[in-house]
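As structure tokens, the structure follows; a few thoughts come after it.
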Number of protein chains: 2
Amino acid sequence: MAVTLADVAREVGVSTAAASMVLSGRYRGRVSEPRADAIRQAADRLNYVRNELALGLRTAQSDTIGFITQQVASTPYATTLIAAATETARAYGHLLIVIETDGDPDAADAAIRDLSSHQVRGVAYASMYHRRVRVPRHAGDGLIILDGYTEDPHICALVPDEVQGAHDAVAHLVTLGHRRVAFLNDCDSVDAAPLRRRGVEMALAEAGLALLPSCTRTVNTRAYAEMKQATRDILTQPDRPTAFFCYNDSTAIVVAQVAAELGLKIPDDLSLVGFDNFTTLIEFSVPSLTTVQLPHADMARWTITSLVTGTPPADGPAPDPGTARYRFPCPLIVRGTTAPPPA
Amino acid sequence: MAVTLADVAREVGVSTAAASMVLSGRYRGRVSEPRADAIRQAADRLNYVRNELALGLRTAQSDTIGFITQQVASTPYATTLIAAATETARAYGHLLIVIETDGDPDAADAAIRDLSSHQVRGVAYASMYHRRVRVPRHAGDGLIILDGYTEDPHICALVPDEVQGAHDAVAHLVTLGHRRVAFLNDCDSVDAAPLRRRGVEMALAEAGLALLPSCTRTVNTRAYAEMKQATRDILTQPDRPTAFFCYNDSTAIVVAQVAAELGLKIPDDLSLVGFDNFTTLIEFSVPSLTTVQLPHADMARWTITSLVTGTPPADGPAPDPGTARYRFPCPLIVRGTTAPPPA
DNA sequence: CTGAAAGCGCTTACAG
DNA sequence: CTGAAAGCGCTTACAG
């Protein structure tokens, strides 16, 4: 049906070997230039497309990368991850095979099996939030964990630098002159929440300040009423904080709602910083939310590049000493919700 | 490196032909039962995984489906589409190769080429909103357009039934007793917006009502201020509408904000219906938004099933007469923002 | 019931 | 510089 290398060779009257070499570009000094031209033209004319399956079989490796994701459906970051990954793969002439496991460990094991039967060059194993994951069986060494890590520190794993992100957010507030900074943290996050708290405390300590118990709460950031109540408690006390740093953007949106109910203007009366840079949500925040960017796109690009080239990209962060764990910076994005405290 | 069929055959002392038949399940009456057992056990013991590249080369078809998407990154529906597609593919023992074109026609052409060089069984071409698309070059016949359509009515194309969705939303309001229903439509949507308007008018006409000019506006639903102003205009007129149907959920959220500013309680003073069922946003609506579900998951499942089996699933909608165009129902999801009008 | 052989489309030593 | 041949791992007629 499709045009094969033999068709092209026959058309020109050369061997398939010559055609193969020319079309894959490795013919210098092995095929004369006029012949090479003729072969290229014939391939063009016949609309030849190389059969990647045959190539893969021959070379025991295909130009595909596996991308296993735990929960595409329910999370907004999956799109960023997949978009950056497919784009990078394409830039390297590779294709991305995406499998969603929905968090089922057996499905992950099966996915590894399916992918290896397709001779993928490597597998990105994407968690949907920063956490410890179990490595699927028979994963082999071409595996990179995206937005997560595992026990074995020598398994390549990429996570956001939560401490730095939270630190920079609060440092920004301190620099603006805030002295009483509130922090609304998440109660379910095992990994990110304590790290962000550490970042908050570090930034405050650098200014000789402390995180006041009256100014911090750990809540379920998916429980609307609970968040509202916690925010109201913090904002209605005497000597209320003049700035709020929130575990994520949706929490920040709720804080903004409560502030509005209390007649507090943002950023004049209260400064507000979120985390995630979840744009869909931020579009509805007026003024636009100052927040910390999660480095999903960076991590995805790094992962695919590393898998394709076989070596960690030089332009990324250095690994934690003695490990294959990489922390990716979370840049602060200053928008409209932060300002100096009221006089 | 990897265990091959020959390894398994050698282990048992049979031909690769026998092993192949047994392991692919088509050996009845061709290999004796004890031998078949021995082969299966050996395959298990050696952890044999079939090389799908070799199979694909041999059979000139692989167990992969191509999924081309225009704008994964910027749209919330991509996740639903991809999640449903990978899940369905897996249920049929197939893998999904995802390519993002970012709306670039050349990239789409290249994607078709890359996919066909991988011998995919078919290609889903997913638009990110209901609109007319250009079919990529050399697409062949194993192509299904998801959430879009093209000139040629014989090219398989799936779209949401916008008329029915909008109709059911407004019929719901009318049934609750509303007589003055406002409609905020989108100005950029070439396909969906007119269809939704038709649905609105149909539902009103069925109750002997009409869409009043004073109760409808066509706005840029991504321009926050414009939406707010239009909503305020409509809600502050004498004889204001008692219900609002919006082009999408984000518009509805803005209407809710304006209603709150005007001291209107939802749903007691004003009923509100959105469109999309964009859950990430709806989580922040209190009470929870009544809306119309976009059938992305249904369409994705239908597409993959059709591509794998080679025939349109019987349990889906019938095509528009004389075409290969399918309209998928958009179910109304009644939640907390609709109630009878105030007395 | 069973095995030897051909061939899918490619690339890579090898011999000229 | 050039071509004939082998072989990647599989399945499918074919002959016994």
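Computation of the quantities below employed the complete heavy-atom set of this structure, encompassing side-chain atoms and omitting hydrogens, waters and symmetry-equivalent molecules.
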Heavy-atom count around B:Asn47 CG within 6.0 Å, excluding the residue itself: above 12? yes
Under 6.0 Å from the CG atom of B:Asp152, do we count more than 12 heavy atoms belonging to anything else shown? yes
A:Leu5 near the nucleic acid: base, sugar-phosphate alone, or nothing, with a heavy-atom cut-off under 4.0 Å? base
Could you tell me whether B:Leu57 contacts a base, only the sugar-phosphate backbone, or nothing, with contacts defined as non-hydrogen atoms closer than 4.0 Å? base
What nucleotide, of [options], holds the atom closest to the side chain of [X]?
{"X": "A:Ser15", "options": "D:dG3, C:dC10, D:dT12", "answer": "D:dG3"}
{"X": "B:Ala17", "options": "C:dT11, C:dG3, D:dC10", "answer": "C:dG3"}
{"X": "B:Arg35", "options": "C:dT11, C:dG9, C:dT2", "answer": "C:dT2"}
{"X": "A:Arg58", "options": "D:dG9, C:dT11, C:dG3", "answer": "C:dT11"}
{"X": "A:Val14", "options": "D:dC10, D:dG3, C:dT12", "answer": "D:dG3"}
{"X": "B:Val31", "options": "C:dT2, D:dG9, D:dT2", "answer": "C:dT2"}
{"X": "B:Thr4", "options": "C:dT11, D:dC10, C:dG3", "answer": "D:dC10"}
{"X": "A:Arg50", "options": "C:dT12, D:dG9, C:dT11", "answer": "C:dT11"}

Nearest whole Å is fine: how far is [N] [atom2] from [X] [atom1]?
{"X": "A:Glu52", "N": "D:dG9", "atom1": "CD", "atom2": "P", "answer": "18 Å"}
{"X": "A:Asp7", "N": "C:dC8", "atom1": "CG", "atom2": "P", "answer": "11 Å"}
{"X": "A:Met21", "N": "D:dT2", "atom1": "CE", "atom2": "P", "answer": "11 Å"}
{"X": "A:Leu55", "N": "C:dC8", "atom1": "CG", "atom2": "C1'", "answer": "14 Å"}
{"X": "B:Leu23", "N": "D:dT12", "atom1": "CG", "atom2": "P", "answer": "14 Å"}
{"X": "A:Gln61", "N": "D:dC8", "atom1": "CD", "atom2": "P", "answer": "17 Å"}
{"X": "B:Arg10", "N": "C:dG3", "atom1": "CZ", "atom2": "P", "answer": "15 Å"}
{"X": "B:Asn51", "N": "C:dC10", "atom1": "CG", "atom2": "P", "answer": "17 Å"}

Whether the B:Tyr149 and B:Asp191 side chains hold a donor-acceptor pair (N or O, under 3.5 Å, no angle test) is what I'd like checked. yes
Between B:Ser32 and C:dT2, is there a contact of a side-chain N or O with OP1 or OP2 at under 4.0 Å? yes
Closest heavy-atom contact between A:Pro319 and A:Thr323? CB-O, 3.5 Å
D:dC14 -> Watson-Crick or G-U wobble partner, both distances under 3.5 Å, gives C:dG3
Using the rule given for salt bridge (Lys or Arg N to Asp or Glu O under 4.0 Å), can you reason through A:Glu33 versus A:Arg40, listing the C-alpha separation, both sets of side-chain angles and the distance that settles it, and then say yes or no? CA-CA 11 Å; A:Glu33 210 46 67; A:Arg40 274 186 293 249; 3.3 Å; yes
